[in-house]
Structures are given as structure tokens and as C-alpha cells.
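Take a look at the structure set out below.
All residue numbers in this chain count up from 1 along the given sequence.
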Amino acid sequence: MKSIARTFALSLGLAATAIFLAMITITVWQSQLREYEPVVCRVAAGILYDAAVVDPGRALTIQSTRRVKELQSFSPNLWYVVSYEKLITEFGGEHRPALPFSLPYSGPIGFSVLNTLDQNSTFCLAVIPWGPSDLVMMIGGAQVRFGQVLRSLVGRNIFPLSILAFAFALMVMIGAWLSGRFVARGIDRVTRRALAIDPAAPPGSISLDEVPIELKPLVEALNRAFDEINTYIKMQRRFLGNAAHQLRTPLTLLRARIEDVAEPQLKIALVRDVRRLTSLVSAMLDLARLQNHAIEKRPIDLAIVTLDVLADFSPSALDAGIELSLEQAEEDAAVVQGVEAAIRSALANLVGNALIHAEGAKRITAMLGRGSVSIRDDGAGISPGDERKFIEPFQTGNAAEDGAGLGLSIVQEIMAAHGGEFIITSTPGGGTTASLRFPEATAGTPE
């Protein structure tokens, strides 16, 4: 997306240039409201000056250039007398009135509008330096087109006009850029405030105190959206917890009735299904508790908790023919801030998941680092890109095995509540590693 400041500056810079050119155009157009305004006099004199050819002491001629022809055709009563020293040439003598003086003229250099001798009309007197002498022009009945005035004005002043247009556009662009930066800084402040909202401490909103007036409607709309989202999330969490609680009693009754089933194979299948449902309900309750309550952190020794979890799963690992081991890089480097029961649950989910889903695994290793613990297996691994999929709720690696599909999702919630990260990496044929990375531990002694 384009920068607000840059787009604003370029747009207003182009607009400023267009406005400047329009102002020049209007100025030139107004100069034509009177026939002998100085600008018109200068234009007509400039056309004749450019067409003049002087052969000192011999001849003075006005070439029939395109601009001269335009001037003559547009001015039916045009007349002019041009002199250089004693050389004289004229046009439209039949329209020329009596003049107050005769040529050669030896007056001052410049442009003047004078009355004719009978005081009934005016004419333009232009005296322009030409070599050692002056080119004197008396012009009457001249009418010039707008384009001729514009070309004459711009053509003879192209450099100062360009400098002036550039300065004007630059001034507007700088102002526009500063305005755009002000707007961008306001948006940036709103963004920082939105990012600073703590999802664990609803309701979150953006303060309107330091927000620019123009952005307040946007911020108010965002605050309303945050409130609606927070309300919706609360409803979801409440429903999840209530549904899990309501399901526990029917499952307990169902488990009791299964005991009366006479057929062994059917009884085993029903027990397995009820176990899966019970696991799902327990996981839903754990998830609801994590999402609805802030946790109270204490120093926890990951080494002790990990050893306890590995000991709990030793019988299952022995039955599956899988070796469990623990590796620790540094002593006293695995103390983190957290809730022991939650961390124990996360590790149990990871180890249990590895035992069930690590196809072909012979060894599962728990590796302790500074503020982290990883569970690595040497199984077949998972396909690239599927790591994040298994963290989503109700996703399982093997639908035929026991499991609610919420284990890794709960691990993700536990790490989010601790301000840490849950990362899964895997290589097809090279095993899978699930890592829990906690924020840097503060000083403290585990209880």
C-alpha cells in the first residue's frame, strides 16, 4: 500500500502546479481586456522585433513570419511603423492616424501607450536596443490571440516562471508531506494503542485522549468492534464450559451401564468410545478454565516436572517398546515462572501424543534448556506444512487412536497464558520435536 504522506504530497504538488498555471493563464487573459494594455503592446512589439531584419545603412524589413501573419490576420486595422536610425518600414498606412511626432525617434527605451494627434485613438510605442542603436516601433490597431500572449509571456520568462512554479509546488508538497506525516503518526499511535490491549484483561479499548479528531470516528468504531468481539468470546467460553459440565453426568451414567453389557467385544468398544468422550470433556473443561482465568505464576523447576511426567508414562512406553530419556544442557537453568499443574498437563500431552502418534518411534527424549523443554521422537515425522494443523482444535494425527483432538490446542493455550511459545518442527523420516519456550525466568527458588 502506498505511503499516505508521499501520496498526499505528490497529489497536492501536482494540484499546486495546475493552480499556478491556471493563475498565469487568468492573468494573461485579463491583460487582453483592453487593446493597448502593456502586455498586448509587448506581445505585438515582440512579434515585430523577432521578424525584423536590419542591414545598417541599407534596408530595414519585417519578414512575413507565421506569427506576423497571425497578427495581421487577427488585426484588420493593424498598422505599424518600424525605424532603425534613418531606415523606416511600415504596414497598413491607410489605417494609421496622425502621430504626435515623426521618425526617427530619439526618446527613452521602453514601452508606452500614447494618444494619436487627433486624440481619438491610441498607439503603442516600443523602443528596444538593437546593436549600436535602437529599434523604434509604433503600433496601432493590434489585436493578439490569447495563445500569442501566453507564448510571449512564458517564452520570454520561462526560467523565472519555472523557478517560481517549482518553489510554489515545493512549498505545497512540503506542507502536504508534513500533514500526511501528522496523519500517519496519528494512525501509528492508534495502532500502538490497539496492540497494547491485553487480551487477557478485557474489555480492552483505545483511549480517545491523544487521538486526532479526524481519527476519532475510526477509533470509536474499533472500540465498538472490540466490545462485540469480547462479548462473543465470553459467550463462546461460557458455552464451552457449561457444555462440558453438562456432559460429565451422562457420561458417568453411561459408563456404569456399560458394565452390564454381556458381549466382551462390544463392551471393550463401548468403553473405548466413552473414554474418548470423557477425555474430550475433560479437555474442554481445561480449555475453558485456561481461557477464563488469569494464572498466578511461581518459580517451577522444569527438570523435576519433566522427570515426574516421564515416570508417569514409563509403563505405557515399556508396553509400546519405546525408550524414554532426559537430557539437560545446564544445571539450574530450567527454572521458569508458571503454574506447575498447567505445565505438567502440557508436558503430559506432548509425551502422550508422541507415544500414540509417533509412528515407528523407538525413543522419546525430553531435552531441557534455559527456559525451555522439548519432547523429541525419532519416528516417521509429519508432512511439511502440517505442523500448525495439529495445533488446531479437534485435529488428530490418527483417527483410529484414542484422543480428543484438543491436546495440542490445550498446550498452545497453556503457553499463551504463560507468555511463551509452543513450536512444532518435524522432518519426514527424521522425527518430530515439540518445544515449550517460556519467557526468561526471573530469580526465584522453586517451591
Side-chain angles (χ1 to χ4, degrees), residues 195-204 230 233-234 237-238 240-241 244-245 248 279 281-314 316-317 324-355 364-376 391 393 404 406-425 433-447:
L195 292 174
I197 294 175
D198 185 4
N230 181 57
I233 290 174
K234 284 183 176 179
R237 291 174 177 174
R238 190 180 302 114
L240 182 63
H245 273 293
R248 298 187 79 173
S279 175
V281 170
S282 298
M284 290 171 64
L285 282 173
D286 290 341
L287 194 56
R289 292 190 191 100
L290 283 170
Q291 293 175 337
N292 285 316
H293 302 286
I295 64 173
E296 183 180 351
K297 298 178 182 179
R298 295 180 180 179
I300 305 298
D301 191 333
L302 286 179
I304 296 175
V305 176
T306 305
L307 278 172
D308 290 346
V309 171
L310 293 179
D312 291 341
F313 280 94
S314 294
S316 299
L324 298 180
S325 63
L326 175 67
E327 295 180 1
Q328 186 170 1
E330 302 178 35
E331 294 292 337
D332 300 328
V335 177
V336 298
Q337 295 291 323
V339 178
E340 182 176 341
I343 296 175
R344 186 183 300 274
S345 176
L347 286 171
N349 270 299
L350 295 183
V351 176
N353 190 73
L355 286 172
I364 296 175
T365 305
M367 298 177 295
L368 294 171
R370 182 172 293 278
S372 69
V373 57
S374 300
I375 305 299
R376 183 180 64 188
I391 299 178
L406 281 175
L408 297 185
S409 179
I410 291 176
V411 175
Q412 176 78 356
E413 291 292 337
I414 290 173
M415 294 310 296
H418 284 77
E421 293 180 296
F422 174 38
I423 301 173
I424 298 178
T425 57
T433 301
S435 301
L436 307 180
R437 296 181 182 176
F438 295 84
E440 186 174 350
T442 57
T445 304
E447 296 182 359

Residues in side chain to side chain donor-acceptor pair (under 3.5 Å) with Thr433, at least two apart?
none

According to side chain to side chain donor-acceptor pair (under 3.5 Å), who are the partners of Ser314, at least two apart in sequence or on a separate chain?
none

As an exercise, state the distance from [atom1] of [X] to [atom2] of [Y], rounded to the nearest 0.5 Å.
| X | Y | atom1 | atom2 | answer |
| --- | --- | --- | --- | --- |
| Leu302 | Ser372 | CG | OG | 8.0 Å |
| Leu326 | Thr306 | CG | OG1 | 6.5 Å |
| Phe313 | Leu355 | CZ | CG | 6.5 Å |
| Ser345 | Leu350 | OG | CG | 9.5 Å |
| Gln412 | Glu421 | CD | CD | 9.5 Å |
| Leu310 | Leu307 | CG | CG | 6.5 Å |

What do the steps show when you test Asp312 against Val351 for side-chain contact (heavy atoms from CB on, under 4.5 Å), and what is the final call?
CA-CA 10 Å; Asp312 291 341; Val351 176; over 6 Å; no

Yes or no on side-chain contact (heavy atoms from CB on, under 4.5 Å) for Ile300 and Phe438, after CA distance, side-chain angles and deciding distance?
CA-CA 11 Å; Ile300 305 298; Phe438 295 84; over 6 Å; no

Taking every non-hydrogen atom, the tightest pair across Val336 and Gly371
CG1-CA, 3.7 Å

Restricting to non-hydrogen atoms, name the atom on Pro439 and the atom on Gly419 that form the minimum distance, rounded to 0.1 Å.
CG-O, 3.3 Å

Audit row: Ile414, Leu436, side-chain contact (heavy atoms from CB on, under 4.5 Å) steps and yes/no
CA-CA 10 Å; Ile414 290 173; Leu436 307 180; over 6 Å; no

CZ/Arg344: more than 12 non-hydrogen atoms of other groups inside 6.0 Å:
yes

Min side-chain heavy-atom separation Val373-Val305 under 4.5 Å
no

